[in-house]
Amino acid sequence: MKYTQLGRTGLKVSRLVLGTMNFGPQTDEPDSHAIMDAALDAGINFFDTANVYGWGENKGRTESIIGSWFAKGGERRDKVVLATKVYGNMAADGEAWPNHDKLSAVNIRRAVDASLKRLGTDYIDVYQFHHIDRQTPFEEIWQAIDVLVQQGKILYVGSSNFPGYKIAQANELAARRGGTIGLVSEQCLYNLAERRAEMEIIPAAREYGLGVIPWSPLHGGLLGGVIRKEAQGGRRASGRAADTLADPAARAQIQAYEDLLDKHGIEPGEAGLAWLLTRPGVTGPIVGPRTAAQLASALRAVELELSEELLASLDEIFPGPGPSPEAFAW
């Protein structure tokens, strides 16, 4: 495994991030434990989760599965850089009681304690805001975070799904407050098929020293050889991938992608991950394996070297938006 610093911090993390969203809803507890063991054995030390994972009436289930894995010992907790998230409504029926979601100081305090209990640990390495809160000022948010840092309950803070201007706003206020390190990472939607983050989010993250952690690196399976799998009678596309393939022009684009990688003898999913690892500012993509075989495929991507010729060809198929403001100005 290869490692890098998380943004401007001294925290060393693996170039792949283990996403745990499938633990509980799609992968049972024993298999989830086996995947985490395999990830740790392979050198992946950065695990990502969220308080809402498990979904519906099972919200919090994923954190509990991680907690039961930590409880097995073997220095599991000490070896893991643990990231979880706050913002979502934790009510099983979807009807949140006032102050039981988003980023008010009272909910942050409540959510941290609940996550710590489920995770079976006394601290969270990277506590992430899952979404922007348009009602809560950053003055309140940072005051709540400062208390938690002083209590030793969290060490670093990251954002997720933030626009560039909110990254700037959050870190400028943190700098003015003094004594607050501010955001150190941004978790955003970013992959070959979805490159809008290159206009504002990634430049802002790099300017303020945030590590970029792409989620959905294969765009819901779209970049994982979905057309070939359909032709071979495998798992059919669903969700974002199915919606995209319904557009003939988009389907032709994905076919060109698969044909290009077939020509080079490279698996599409591994190429999609390897491409992200070449992008400036990217710490590591989140991979969310449902099986050990999917984890093994992701691990191969870390060692995959993409030639300049192949990178140029990928840019031709999936052109980025270009730099800001030139992408939308002159």
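One is the number of the first residue; the rest follow in order along the sequence.
Side-chain N/O atoms of Asp146 and Thr180 include a donor and acceptor closer than 3.5 Å. In this structure, a donor-acceptor pair under 3.5 Å is absent between the side chains of Thr62 and Thr49. Tyr53 and Lys85 share a donor-acceptor pair across their side chains, judged by distance under 3.5 Å alone. Asn161 and His131 share no donor-acceptor pair across their side chains, judged by distance under 3.5 Å alone. Looking at Ser297 and Glu270, their side chains do bring a donor and an acceptor atom within 3.5 Å of each other. At a cut-off of 3.5 Å, with distance as the only test, no side-chain donor of Glu200 or Tyr165 sits close to an acceptor on the other residue. Between Gln232 and Lys229, the side chains place no donor N or O within less than 3.5 Å of an acceptor N or O (distance only, hydrogens not considered).
Under the 4.5 Å side-chain heavy-atom criterion for Ile, Leu, Val, Met, Phe, Trp and Tyr, Val226 and Leu261 are members of the same hydrophobic cluster. Hydrophobic clustering (side-chain heavy atoms under 4.5 Å, transitive across Ile, Leu, Val, Met, Phe, Trp, Tyr) keeps Trp55 apart from Leu119. Side-chain heavy atoms closer than 4.5 Å link hydrophobic residues (I, L, V, M, F, W, Y) into clusters, and following such links, even through other members, never connects Val80 to Leu6.
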Given Arg118 and Ser64, is the side-chain hydrogen bond (donor to acceptor under 3.5 Å, both in side chains) satisfied, shown in steps? CA-CA 5 Å; Arg118 286 188 293 266; Ser64 295; 5.1 Å; no
Between Glu326 and Met199, does a side-chain contact (heavy atoms from CB on, under 4.5 Å) hold up when you go through it step by step? CA-CA 9 Å; Glu326 290 83 356; Met199 276 201 295; over 6 Å; no
Walk me through it: do Trp69 and Phe47 pass the test ring-ring contact (aromatic ring centres under 6.0 Å, His included)? CA-CA 12 Å; Trp69 180 73; Phe47 288 19; 5.5 Å; yes
Take Val212 and Cys188 through the side-chain contact (heavy atoms from CB on, under 4.5 Å) test and state the conclusion after the steps. CA-CA 7 Å; Val212 175; Cys188 61; 3.9 Å; yes
Does the salt bridge (charged side-chain N to carboxylate O under 4.0 Å, His left out) test come out yes or no for Lys59 and Glu57, once each step is laid out? CA-CA 6 Å; Lys59 290 175 183 176; Glu57 63 183 14; over 6 Å; no
Could you walk me through whether Asp48 and Trp215 pass the side-chain hydrogen bond (donor to acceptor under 3.5 Å, both in side chains) check? CA-CA 10 Å; Asp48 176 76; Trp215 61 265; over 6 Å; no
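A salt bridge does not link Asp101 with Arg110: every distance from a Lys NZ or Arg NE/NH1/NH2 to an Asp or Glu carboxylate oxygen is 4.0 Å or more. Salt-bridge check for Asp315 with Arg195: passed, with a basic side-chain N closer than 4.0 Å to an acidic carboxylate O.
With sequence neighbours left out, the side-chain hydrogen bond (donor to acceptor under 3.5 Å, both in side chains) criterion links Ser160 to no other residue. Listed by chain and number, the residues in a side-chain contact (heavy atoms from CB on, under 4.5 Å) with Asn22 are Gln26, Thr27, Arg290 (sequence neighbours excluded). Applying the ring pair (Phe, Tyr, Trp, His ring centres under 6.0 Å) criterion to Tyr127, with sequence neighbours excluded, gives no partner residue. For Lys2, the side-chain contact (heavy atoms from CB on, under 4.5 Å) criterion is met by Arg15, Val302, Glu303, Glu305, not counting sequence neighbours. Contacts of Tyr190 classified as ring pair (Phe, Tyr, Trp, His ring centres under 6.0 Å), with partners at least two apart in sequence or in another chain: Trp275. Residues forming a side-chain contact (heavy atoms from CB on, under 4.5 Å) with Ala91 (at least two apart in sequence, or on another chain): Asn89, Asp93.
Side-chain contact check for Asp133 versus Tyr87: some heavy-atom pair is nearer than 4.5 Å.
Note that CG of Asn45 is 11.0 Å distant from CG of Leu16, once rounded to the nearest 0.5 Å. Atom OG of Ser68 sits about 12.0 Å away from atom CD of Glu63, to the nearest 0.5 Å.
In this structure, Arg76 forms no cation-pi arrangement with Phe70, as its terminal cationic atom is not both closer than 6.0 Å to the ring centre and no more than 45° off the ring axis.
Using a distance-only test at 3.5 Å, with no hydrogens or angles considered, no donor-acceptor pair links the side chain of Glu198 to the main chain of Pro323.
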